[in-house]
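Notes follow once the structure below has been shown.
Sequence lines set the chain letters: A, B, ... in the order given, protein chains first and strands last, and positions in each chain run from 1.
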Amino acid sequence: MTRQQARAVFQALYHCWGPQHWWPGETPFEVMVGAILTQNTSWTNVERAIGNLKALGVLEAGAILALSEASLAEALRPSGYFNVKAARLRAFCRWYLEQGGFGVLRRLDTPTLRERLFSVHGIGPETADDILLYAFERPVFVVDAYTRRLFGRLGLLPEGLDYESIRAAFEQALGPDTACFNEYHALIVQHGKSVCRPRPRCAECCLSRLCNSANPDTVQGSKQKA
DNA sequence: TACCAGGAGAAAA
DNA sequence: TTTTCTCATGGT
């Protein structure tokens, strides 16, 4: 993928959807909690769970750890996978406090911080990069299922490419640009939720021109099952 | 009713 | 090493 291709997609998405103002969290810690809770879950459900934590007055690492796992799971219920996410959120909070909190972590270089996030049970590459980009404002491109789907359909990324290779492809094409990565990922998600779904509504797709030139077989969803 | 959603870890092959 | 299964609520 060339810089020109990456920028062309960005411009088309931005023109179609406008600025997305991500991430919708009031504090870096809330962004990190949201990144864990949104795993394989729609954001509207995550908002309910975060609302529960706020109502309990526990949207803080120490307060979350002070809750029993059952109480925490109950608060997280609307976000789905609540037992799994309660354990993951507690693991993250323990790590967060052990590390010294946001003020200490923000002084680490990005590769070190990324490696340390990977050491937390329940934080994989996408969640780590969400946290790096939206909470720590590091120039890390977040790759998700929408990114794979969209750029696969555009013919700009081969199928089966691993996470790190896709991330590197974007970062190499665009250069380190936190603001751009922030907006780009948000636009891909917005586009994915609205148009570029497993059963795409390509007639409504602002990228149809790019799709047609890149990969005519997949553009109109002709190879997708009806 | 079935599909899908801002994944990750464990188990099985 | 790679693939498959499990976790679960809520909207369309």
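At a cut-off of 3.5 Å, with distance as the only test, no side-chain donor of A:Asp130 or A:Thr127 sits close to an acceptor on the other residue.
Sorted by residue number, the members of residues 77-92 of chain A with any non-hydrogen atom under 4.0 Å from DNA chain C read A:Arg77, A:Pro78, A:Gly80, A:Tyr81, A:Phe82, A:Asn83, A:Val84. Contacts between residues 26-54 of chain A and DNA chain C, defined by a heavy-atom separation below 4.0 Å, involve A:Asn40, A:Asn45, A:Arg48, listed by number. Of the residues in residues 167-194 of chain A, none has a non-hydrogen atom less than 4.0 angstrom from any atom of DNA chain C.
Of the P atoms belonging to C:dT6 and B:dG6, the separation is 24 Å, rounded to the nearest Å. Between the P atoms of B:dA11 and C:dA8, the separation comes to 15 Å (whole Å). For the P atom pair drawn from C:dC5 and B:dC3, the interatomic distance equals 15 Å after rounding to whole Å.
One finds no salt bridge joining A:Arg94 and A:Glu98 here, because no Lys/Arg side-chain nitrogen approaches an Asp/Glu carboxylate oxygen to under 4.0 Å. Taking 4.0 Å as the cut-off between side-chain N and carboxylate O, A:Glu126 and A:Arg148 do not count as a salt-bridged pair.
In the hydrophobic clustering (ILVMFWY side chains linked at under 4.5 Å, chained through shared members), A:Val84 is joined by A:Tyr81.
The CG atom of A:Leu76 lies 10.5 Å from the OG1 atom of A:Thr41; values are rounded to the nearest 0.5 Å.
Taking the six-membered ring for Trp and thresholds of 30 and 60 degrees, A:Phe151 and A:Phe170 have ring planes more than 60 degrees apart, a perpendicular arrangement. Between A:Trp95 and A:Phe92, the angle of the ring planes lies from 30° to 60°, which puts this pair in the tilted group.
In this structure, the ring of A:Phe102 has its center no less than 6.0 angstrom from the ring center of A:Tyr96.
Running 5' to 3' along DNA chain B, contacts with non-hydrogen atoms of chain A at under 4.0 Å begin and end at B:dC4 to B:dA10.
Using a 4.0 Å heavy-atom cutoff across all strands shown, A:Arg149 reaches sugar-phosphate atoms only and no base atom.
Side-chain contact check for A:Pro19 versus A:Glu183: some heavy-atom pair is nearer than 4.5 Å. Counting only heavy atoms from C-beta outward, the side chains of A:Asp129 and A:Phe181 never approach each other to under 4.5 Å.
In terms of modelled atom types and a separation under 3.5 Å, the side chain of A:Tyr184 and the main chain of A:Ala6 share a donor-acceptor contact.
Of the residues near DNA chain B, A:Asp144 and A:His121, the one whose nearest nucleotide (by heavy atom distance) lies more toward the 5' end is A:Asp144.
The two residues A:Lys85 and A:Gln39 have their closest heavy-atom pair at NZ-O, 3.3 Å.
Annotation: ring pair (Phe, Tyr, Trp, His ring centres under 6.0 Å) contacts involving residues 105-130 of chain A, sequence neighbours excluded, are absent.
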